[in-house]
Amino acid sequence: MNTSQKRKKQIDSLQTRKGLLWFFLIMVLAAELICNAWIRSESSQAMIMIAKTESQIRDMADYRQALSVELARLKSDARISRIARTRLGLTPDIFNQTIYLPKGTN
């Protein structure tokens, strides 16, 4: 082999290496772009799920508050007294009465 052929072979080898290097670099950049798109997609989905969950938490807190108000209304003394008077026929003066039970009843 003469020097010109060696030189040409070295240049071809160098160009092949450069081509492979560029190909590798392009593939790495393409992979990074794909990963970046996937990460953005996943983070967007996560943010949507977080927003939905926060909305559900607010709705549940509002519902719990409404239930607390309803419970307080149902447990109020005025309501219980009204039901005792109207449905059960109880009157406040019943507490002043003494009721005697016959002997032998337990």
Side-chain angles (χ1 to χ4, degrees):
M1 262 199 219
N2 61 19
T3 57
S4 67
Q5 286 178 341
K6 283 184 180 180
R7 185 88 171 127
K8 187 175 182 189
K9 204 171 198 181
Q10 285 176 346
I11 291 172
D12 287 344
S13 174
L14 186 61
Q15 286 178 346
T16 303
R17 283 186 192 167
K18 272 188 178 179
L20 287 175
L21 182 64
W22 277 108
F23 177 74
F24 179 73
L25 183 62
I26 290 170
M27 293 307 286
V28 167
L29 289 175
E32 179 145 348
L33 288 174
I34 290 170
C35 287
N36 189 13
W38 178 75
I39 289 170
R40 283 182 165 229
S41 173
E42 289 297 316
S43 66
S44 296
Q45 292 296 324
M47 290 172 62
I48 289 170
M49 291 297 291
I50 288 170
K52 283 182 182 179
T53 304
E54 286 175 344
S55 175
Q56 289 175 344
I57 289 171
R58 280 191 301 273
D59 292 345
M60 287 181 191
D62 292 344
Y63 185 64
R64 185 173 189 267
Q65 179 65 28
L67 287 177
S68 296
V69 169
E70 182 69 12
L71 180 64
R73 184 188 71 80
L74 292 174
K75 287 174 63 175
S76 72
D77 291 339
R79 179 181 176 274
I80 293 172
S81 297
R82 188 183 77 243
I83 290 173
R85 280 192 316 272
T86 58
R87 293 186 186 173
L88 302 175
L90 300 176
T91 59
D93 62 337
I94 198 161
F95 297 111
N96 297 330
Q97 297 176 359
T98 304
I99 299 175
Y100 295 99
L101 298 175
K103 286 189 177 187
T105 59
N106 293 344

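Position 1 is the first residue of the sequence, and the numbers go up from there.
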Give, for atom [atom1] of [X] and atom [atom2] of [Y], the distance between the pair rounded to the nearest 0.5 Å.
X   : Y   : atom1 : atom2 : answer
R73 : L71 : CZ    : CG    : 10.5 Å
L25 : L29 : CG    : CG    : 4.5 Å
S13 : Q10 : OG    : CD    : 8.0 Å
I57 : R64 : CD1   : CZ    : 13.5 Å
K18 : I11 : NZ    : CD1   : 10.5 Å
K8  : Q15 : NZ    : CD    : 10.0 Å

Can a donor-acceptor pair be found, under 3.5 Å and without considering hydrogens, that links the side chain of S43 to the backbone of R40?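 Flag set: sc S43 to bb R40 pair under 3.5 Å.
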For the backbone of A37 and the side chain of S41, can you confirm whether one donor and one acceptor N or O come within less than 3.5 Å of each other?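 A pair under 3.5 Å: no.
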Can you find a pair of side-chain heavy atoms, one from Q5 and one from K9, that are under 4.5 Å apart?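 No, every pair of side-chain atoms sits at 4.5 Å or beyond.
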Does the side chain of Y63 reach to within under 4.5 Å of the side chain of D59, using non-hydrogen atoms? no
Atom CD of E42 with >12 non-hydrogen neighbours under 6.0 angstrom: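 It does: E42 CD has more than 12 such atoms within range.
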Nearest atoms (heavy-atom pairs only) where L74 meets I80: O-CG1, 4.3 Å
